[in-house]
Protein chains: 2
Amino acid sequence: MATIRDVARHVGVSPATVSRVINGVPGFSADTRERVEAAVAELGYEPDTLARGLRTMQSAVIGVLATAVSDALASQVMSGIESAARSRGYTVMLGRAGLGAEHAPSYLRSFKTYRAAGVVVISSAITGDMRRIAGARLPLMAVAIRNGDVFPSLAIDDEQAAYDGTRRLLELGHREIGLLAGDESSMLVNAPRERGYQHAMAEADAPTLVERGNSLYDSAPPALGRLLERAPRLSAVFALSDEMGAAAINELQRRGRRVPEDVSVLGFDNTRTSQHVHPALSTVAQPLERMGEQAVFGLLDGTWRSRIFEHRLIERGSTASAPSPAPSRKRNLP
Amino acid sequence: MATIRDVARHVGVSPATVSRVINGVPGFSADTRERVEAAVAELGYEPDTLARGLRTMQSAVIGVLATAVSDALASQVMSGIESAARSRGYTVMLGRAGLGAEHAPSYLRSFKTYRAAGVVVISSAITGDMRRIAGARLPLMAVAIRNGDVFPSLAIDDEQAAYDGTRRLLELGHREIGLLAGDESSMLVNAPRERGYQHAMAEADAPTLVERGNSLYDSAPPALGRLLERAPRLSAVFALSDEMGAAAINELQRRGRRVPEDVSVLGFDNTRTSQHVHPALSTVAQPLERMGEQAVFGLLDGTWRSRIFEHRLIERGSTASAPSPAPSRKRNLP
DNA sequence: TTGTAAGCGTTATCAA
DNA sequence: TTGATAACGCTTACAA
């Protein structure tokens, strides 16, 4: 591999001059510039990132911390991160924090010693510990989760979004709406969503009905079972994740209920999973890729301030008007 | 951030000694070792990866090149890569090559200047171009794709796997089995799979029936439509990707056919998508995570030789015996 | 068992 | 407009 000295020698200038040309630092004639560029091309010279990073005390990497790398939501955010990073000439370093964020410290240390420009943390909280490890040089920014001003984040207003989703179901004439919530470990995103649901239901004077899964597919059927046991005639299910929403659709159909004719299902997040069921899952969308992009731009431009993104209700085939209630026997008695 | 000199000064030894202790290079007393370790802990010293990499001419990073970051198959492989890398103290650098591998060169160059220990390329071919850019120092290893001995890879025997899948469908009594194939751009994995299908069908003297999608969900319904048009009474569909398989199940049900009672559906890859439909998709499984792990171990241990992994048929709810043929009118005529 | 010193490939400072 | 030089933090001969 050619070094900057090789190029310098080849052109007959000093390494410093070559460096200036490469980095666009003023201080060279148009002539030398051309000759340097020619030599760079001819020798196939690539600046050594490690040496440069050592000298400048920073390198062109963005760290990413996801709870699980094969998670659909995280994948979509990462997709945005990658494209933004690439557009700025940065590369992405990937770390899996684990469900309890147990690997976060070691990855953070690693990112720090690589002199990463910043780290985006996907849908898990930035703890004081993490901040302390990262230190002043390494800005952290959370995506798809927030906690007031405790840490900088790019997220939607989960409470409002869940409120809007519930409202829509209510508007469609549903009253018995079951909530498939996530587990305690992700309270920062689940609690506000639950509040949004509770709020809308209270406003409409409708009875609330909550069962808890863990946001993953397999947790939904049993939770749905419990919902159905408590409210056999429920006409809508609001799942706080698309995986649970997809599972709800499938489980409902397995139990002989039609979706959306008998019961409507609404999901959350708009991950690709929502399009992999039939009928396709209506869902409360977060602009995940855009959030990923903006996170790296924020990190790189030094404007790592929190921002709230617009959520959006996407209605696909899984939601419809509530079925007109079957005539109740009692009332029909003369 | 503390440097190695700070630690040295703190202990009252030379930087060299500290370095030796840290790297376990023989040449220090038990006593100094303890004192150095204490100082390291006290100062919170972390060796600078960049400086170390510059000096040793290599760094603890593994590059990953995926066609798309948010792809389910790639995600699963990456999951294995991450865990193997972490177990060896390596970090993962992520690159998205794009469908036509258009970004592969630039990422490869980047990985090279970071002095990565190796690169794993997920389900796309390693071209001569890529090899040339990587040079001798940067080993490349493909996963979930292969091409004889043209490049080193970890993959299943796609032809045999598709053959086995088709055989199983045949054993279940199916004869009219439609194939939902992928597109030309991924021929290295699709062609052998198609051959496997053709081979099994020919052996059984059954008519072949192929329509092409692009491996993604949305491409399947139209392709399935064409299949159904050509063979309205087909009793099984073999999809060469789980997304297409999932889509086939949903589309079949939408058209009023029961799965698996009327038509069986078999998928390919065993990505998480296969479990997100109802009935759950039977599929030909590749050990994706394990392949990812083994790829990094191979890269790191310098044994980057091709290896064929065992595929496995996973039967879930989407496959069953062929329906007994409805009595054909003609034959029933006396 | 330990220390000295050189050098990895850059860039920044200073002088020309 | 250019060049010499030092320094970034580390490892590794080589010397003691």
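Excluded from the calculations below are hydrogen atoms, water molecules and symmetry mates; all remaining heavy atoms, backbone and side chain alike, are included.
- Applying the side-chain hydrogen bond (donor to acceptor under 3.5 Å, both in side chains) rule to pairs touching residues 1-10 of chain A yields A:Asp6-A:Arg9, sequence neighbours excluded.
- Contacts of B:Arg55 classified as salt bridge (charged side-chain N to carboxylate O under 4.0 Å, His left out), with partners at least two apart in sequence or in another chain: none.
- Listed by chain and number, the residues in a salt bridge (charged side-chain N to carboxylate O under 4.0 Å, His left out) with B:Glu42 amount to none (sequence neighbours excluded).
- A search for side chain to side chain contact (heavy atoms under 4.5 Å, CB included) contacts involving B:Ser19 returns B:Ile4, B:Asn23, not counting sequence neighbours.
- Screening residues 69-94 of chain B for salt bridge (charged side-chain N to carboxylate O under 4.0 Å, His left out) gives A:Arg96-B:Glu82, B:Glu82-B:Arg86, B:Arg88-B:Asp301 as the qualifying pairs, with residues at least two apart or on separate chains.
- Inter-axis angle, ends of the helix from C:dT1-D:dA16 to C:dA16-D:dT1, five pairs per end, rounded to 10 degrees: 40°.
- For the side chain to side chain contact (heavy atoms under 4.5 Å, CB included) test, residues two or more places apart in sequence or in another chain that qualify with B:Thr56 are B:Arg52, B:Gln58.
- The backbone N or O of A:Gly100 lies less than 3.5 Å from a partner atom in the side chain of A:Glu102, making a donor-acceptor pair.
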Its contact letters, B for base, S for sugar-phosphate only and - for none at protein heavy atoms under 4.0 Å, make nucleotides 7-16 of chain D read BBBBBB----

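- A heavy atom lying under 4.0 Å from DNA chain C marks none of the residues of residues 31-39 of chain A.
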Throw together a table of side-chain donor-acceptor distances under 3.5 angstrom for residues 125-135 of chain B, partners on residues two or more places apart or in other chains.
from	atom 1	to	atom 2	distance (Å)
B:Thr127	OG1	B:Met130	N	3.1
B:Asp129	OD1	B:Arg132	NH2	2.8
B:Arg131	NH2	B:Gly135	O	3.1

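- Pairs engaging residues 12-31 of chain B under the salt bridge (charged side-chain N to carboxylate O under 4.0 Å, His left out) rule: B:Asp31-B:Arg35 [sequence neighbours left out].
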Review item, side-chain donor-acceptor pairs of residues 290-300 of chain B, under 3.5 Å, at least two apart:
none

